[in-house]
*Asks:* 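Below are the structure tokens for one structure; questions will follow.
Computed from a prediction, not measured in an experiment: that's the story for all the values here.
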Amino acid sequence: MTNIIQLKDYDGASSAYRLYDVGRTGREGAGRTLRARTDTEAKALALKLLGDHPIELWDRTRFIARYWPGNLPMAISIEARH
């Protein structure tokens with residue numbers, strides 16, 4: 001079993017997004033890799049995986065969104081600063 005989750009197979013290129021569980025102190029664990037061509041596709045897959053705890057979607061150092069159970073995303077797109 002792998003921790004790579006794909007929305008669907010692609011003929012073209014895809015990005016490796018990361019999905020993290022969010023606890024009281026921020027990101028917890030190594031996260032999961034999601035393969036998608038666009039932010040929109042990655043967000044759709046993240047919403048399918050939303051359980052009973054908050055999750056964050058990242059593209060390398062770029063924050064995409066945080067999802068809370070029962071709510072819409074808290075943010076749409078923010079670029080992480082070093």
*Asks:* For Leu19, is there any backbone N or O sitting under 3.5 Å from a side-chain donor or acceptor partner on Arg32?
*Replies:*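 Not confirmed, Arg32 side chain does not pair with Leu19 backbone.
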*Asks:* In Å and rounded to the nearest 0.5 Å, what is the CG to CD1 distance from Leu50 to Ile55?
*Replies:* 4.5 Å
*Asks:* To the nearest 0.5 angstrom, please state how far the OH atom of Tyr17 sits from the CZ atom of Arg60.
*Replies:*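 Those atoms lie 8.5 Å apart.
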*Asks:* Atom NE2 in His53, atom OH in Tyr67: separation rounded to 0.5 Å?
*Replies:*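 Here the interatomic distance stands at 14.0 Å.
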*Asks:* What's the spacing between Asp39 CG and Arg62 CZ if we round to 0.5 Å?
*Replies:*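 Atom-to-atom, Asp39:CG and Arg62:CZ are 4.0 Å apart.
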*Asks:* Search all heavy atoms of Ala36 against all heavy atoms of Ala42 and return the closest pair with its distance.
*Replies:* CB-N, 3.6 Å
*Asks:* Walk me through it: do Leu57 and Lys43 pass the test side-chain contact (heavy atoms from CB on, under 4.5 Å)?
*Replies:* CA-CA 7 Å; Leu57 180 63; Lys43 290 175 187 178; 4.0 Å; yes
*Asks:* Which is it for Thr33 and Arg18 under the side chain to side chain donor-acceptor pair (under 3.5 Å) test, yes or no, and what are the steps along the way?
*Replies:* CA-CA 5 Å; Thr33 300; Arg18 298 292 293 171; 2.3 Å; yes
*Asks:* Taking all atoms of both residues into account, what is the closest heavy-atom pair of Pro54 and Trp68, and its distance?
*Replies:* CG-CZ3, 3.1 Å
